[in-house]
Structures are given as structure tokens and as C-alpha cells.
Amino acid sequence: IIDIITNYFKIYHCIFMTTIPGMLTEELKSEYEGPNWLCIPLKDTLATIETGKAFWKPHGNVHSIAAIVCHIIAWRQALIKVLNGIEKWELDQEASFDTTVFGKENDIAWSNIKAILEKTQHELLELISNTSSFEKTVPARNYNYHFFISGIVSHDTYHLGQIVILAKQYDAHRNNN
């Protein structure tokens, strides 16, 4: 626990003692790779989820873990477009949960989903570190780059909570059957 607290204060020192790009990259890194205040980085969480668990749906209109990660990827790719200067971009919310664009077989799709998520992480870190104006308005939106990037970190964290709950539901379901 001492290591966690020490790392937490190192992150905070880094965040408050650096530039906006440094702060935003540290937020994105800690949410994805850790350490973070949740003590459960997205990357480590997904590494523990096998294909069956990733594609399991508990009931009704609930998305699978794999579908949620596809949705995370879609929003990250939208941000990548914006940071690359692409002014016309749209995100189809329903289509963003489609796992089949990553492969027809679940094993292949899950591997591809995790690889593409990792790729978006590297792309975002690079783009953020090379962005000069975070006050620039995102095309067709009422917010700036800084708000969008911070929103992606919050969005990832929100869905990480869903992923952890679904994984626990899957384990409970397996243990009861």
C-alpha cells in the first residue's frame, strides 16, 4: 500500500508541476497503464479477461465487455481524428459497439480489439505531446481539445467500471452453473 500511495503522490506532483500536454498524457497513462487511484488500470484488467468472458452478455440489451472496449476504441479514434486536424468526423453510437469489424471469430476479434486499443493509446500519447493548442475548439462541438481529452479519460474510467462488474457477473454466473 505504501508503494501505491507513493506512486499516487508522484503522479500528482507530475501533473501539477508540468505543462498541459504533460498533465494530459499522465492522466491517460495512469488510467490505461497505472498506477491510478482505482488501482485497476484498463490494460491490466483486459489482460485478465479471456475470450469467453469478453463476449458474454448477461441478459437483455446489455453490451459485452468486448463491445464496450470497441466503444472505447471508437471514441479514442474520434479524438485521434480531431488531433490530426480532421474537421468532419462522426461517431455512430450504436455502431461503436460492433465487435464484428475486428474479426468474425471471437478469439481473433478479442485479440484485435486489445491490439487496436493499445495502438490508440500510443497514438494519443504521441498526438497529445505534439499538440500546441488545447484551447482550440473541436469541430462541430462546443468544447475544446483539453475538455475532449479529459473526457476520454473519464469515459474510459466509466466503462472500466462496467467491465469490472461484467467480469464479476460472468464469474458468478459460471460458479452457479
Side-chain angles (χ1 to χ4, degrees), residues 24 27-34 36-84 86-125 127-128 138-177:
L24 293 172
E27 284 181 23
L28 193 63
K29 279 184 196 177
S30 68
E31 176 274 326
Y32 186 73
E33 301 167 17
N36 60 41
W37 65 277
L38 296 171
C39 300
I40 50 169
L42 181 58
K43 183 178 182 176
D44 292 352
T45 300
L46 297 179
T48 67
I49 296 174
E50 75 280 353
T51 302
K53 188 183 287 190
F55 284 87
W56 176 78
K57 291 174 71 173
H59 57 77
N61 196 23
V62 177
H63 294 291
S64 68
I65 290 170
I68 291 169
V69 178
C70 289
H71 175 72
I72 290 170
I73 290 168
W75 273 105
R76 284 167 160 248
Q77 289 173 331
L79 176 56
I80 288 165
K81 287 177 184 177
V82 168
L83 293 175
N84 276 318
I86 297 171
E87 295 204 13
K88 292 189 179 194
W89 61 275
E90 292 296 323
L91 189 128
D92 180 338
Q93 281 288 106
E94 196 55 40
S96 72
F97 292 96
D98 184 5
T99 60
T100 62
V101 297
F102 294 93
K104 300 296 181 202
E105 295 177 27
N106 287 353
D107 285 333
I108 292 168
W110 185 231
S111 178
N112 289 340
I113 289 166
K114 292 187 291 183
I116 297 297
L117 181 66
E118 181 78 19
K119 182 178 182 238
T120 66
Q121 178 71 8
H122 295 294
E123 286 181 73
L124 285 172
L125 292 173
L127 286 166
I128 291 167
V138 174
R141 299 295 195 265
N142 293 324
Y143 48 81
N144 62 28
Y145 284 25
H146 185 249
F147 186 82
F148 195 4
I149 296 164
S150 292
I152 290 297
V153 173
S154 297
H155 181 256
D156 287 0
T157 303
Y158 167 77
H159 286 301
L160 173 58
Q162 291 179 319
I163 290 166
V164 170
I165 290 168
L166 281 169
K168 289 182 180 188
Q169 286 178 329
Y170 175 85
D171 292 341
H173 174 77
R174 292 285 304 245
N175 290 336
N176 290 334
N177 288 331

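Sequential numbering from 1 along the given sequence is applied to the chain's residues.
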Determine yes or no for a side-chain-to-main-chain donor-acceptor pair under 3.5 angstrom, with S111 supplying the side chain and I108 the backbone.
-> no
Check: N84 side chain, I86 main-chain N or O, donor-acceptor pair, under 3.5 Å |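 Flag not set: sc N84 to bb I86 has no pair under 3.5 Å.
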Apply the test side chain to side chain contact (heavy atoms under 4.5 Å, CB included) to residues V69 and K114: give CA-CA distance (whole Å), side-chain angles for both, the deciding distance (0.1 Å), then the verdict.
-> CA-CA 8 Å; V69 178; K114 292 187 291 183; 5.9 Å; no
State the [atom1]-[atom2] distance between [X] and [Y], to the nearest 0.5 angstrom.
{"X": "N144", "Y": "I149", "atom1": "CG", "atom2": "CD1", "answer": "8.5 Å"}
{"X": "F147", "Y": "I152", "atom1": "CZ", "atom2": "CD1", "answer": "11.0 Å"}
{"X": "K119", "Y": "N112", "atom1": "NZ", "atom2": "CG", "answer": "12.0 Å"}
{"X": "L28", "Y": "L42", "atom1": "CG", "atom2": "CG", "answer": "10.0 Å"}
{"X": "I128", "Y": "E27", "atom1": "CD1", "atom2": "CD", "answer": "9.0 Å"}
{"X": "I49", "Y": "I65", "atom1": "CD1", "atom2": "CD1", "answer": "4.0 Å"}

Tell me, yes or no, whether the heavy-atom count around [X] atom [atom1], taken from other residues, nucleotides or ligands under 6.0 Å, exceeds 12.
{"X": "K57", "atom1": "NZ", "answer": "yes"}
{"X": "F97", "atom1": "CZ", "answer": "yes"}
{"X": "Y158", "atom1": "OH", "answer": "no"}
{"X": "Q93", "atom1": "CD", "answer": "yes"}
{"X": "N142", "atom1": "CG", "answer": "no"}

Given side chain to side chain contact (heavy atoms under 4.5 Å, CB included), test D156 with Y32 step by step and report yes or no.
-> CA-CA 8 Å; D156 287 0; Y32 186 73; 5.8 Å; no
Do [X] and [Y] come close enough that some side-chain heavy atom pair is under 4.5 Å?
{"X": "L124", "Y": "L83", "result": "yes"}
{"X": "V164", "Y": "L38", "result": "no"}
{"X": "L24", "Y": "H146", "result": "yes"}
{"X": "Q121", "Y": "E33", "result": "yes"}
{"X": "C70", "Y": "I113", "result": "yes"}

What are the two closest non-hydrogen atoms of G103 and A109, and how far apart are they?
-> O-CB, 3.6 Å
Is there a side chain to side chain contact (heavy atoms under 4.5 Å, CB included) between Q162 and V62 once you walk through the steps?
-> CA-CA 10 Å; Q162 291 179 319; V62 177; over 6 Å; no
Just say parallel, tilted or perpendicular for the rings of Y170 and W56, cut-offs at 30° and 60°.
-> perpendicular
What orientation do W110 and F55 show, parallel under 30°, tilted 30 to 60°, or perpendicular over 60°?
->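 If you compare the ring of W110 with that of F55, the planes turn out perpendicular.
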Modelled atom types, side-chain donor and acceptor of T51 and N106, under 3.5 Å = no
Residues H173 and Q169: side-chain donor-acceptor under 3.5 angstrom | no
Please walk me through it: do R174 and E50 pass salt bridge (charged side-chain N to carboxylate O under 4.0 Å, His left out)?
-> CA-CA 13 Å; R174 292 285 304 245; E50 75 280 353; 5.3 Å; no
What about the rings of F148 and W89, do their centers lie closer together than 6.0 Å?
-> yes
Take K53 and T48 through the test side chain to side chain contact (heavy atoms under 4.5 Å, CB included) and record every step on the way to the result.
-> CA-CA 10 Å; K53 188 183 287 190; T48 67; 5.9 Å; no
With sequence neighbours left out, write down each residue that passes side chain to side chain contact (heavy atoms under 4.5 Å, CB included) with E87, or none if nothing qualifies.
-> P139
Name of the residue among L160, I163, T99 meeting side chain to side chain contact (heavy atoms under 4.5 Å, CB included) with I68 =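 Output: one option passes, namely I163.
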Sequence-distant partners of H159, ring pair (Phe, Tyr, Trp, His ring centres under 6.0 Å), two or more places apart = H71, H155
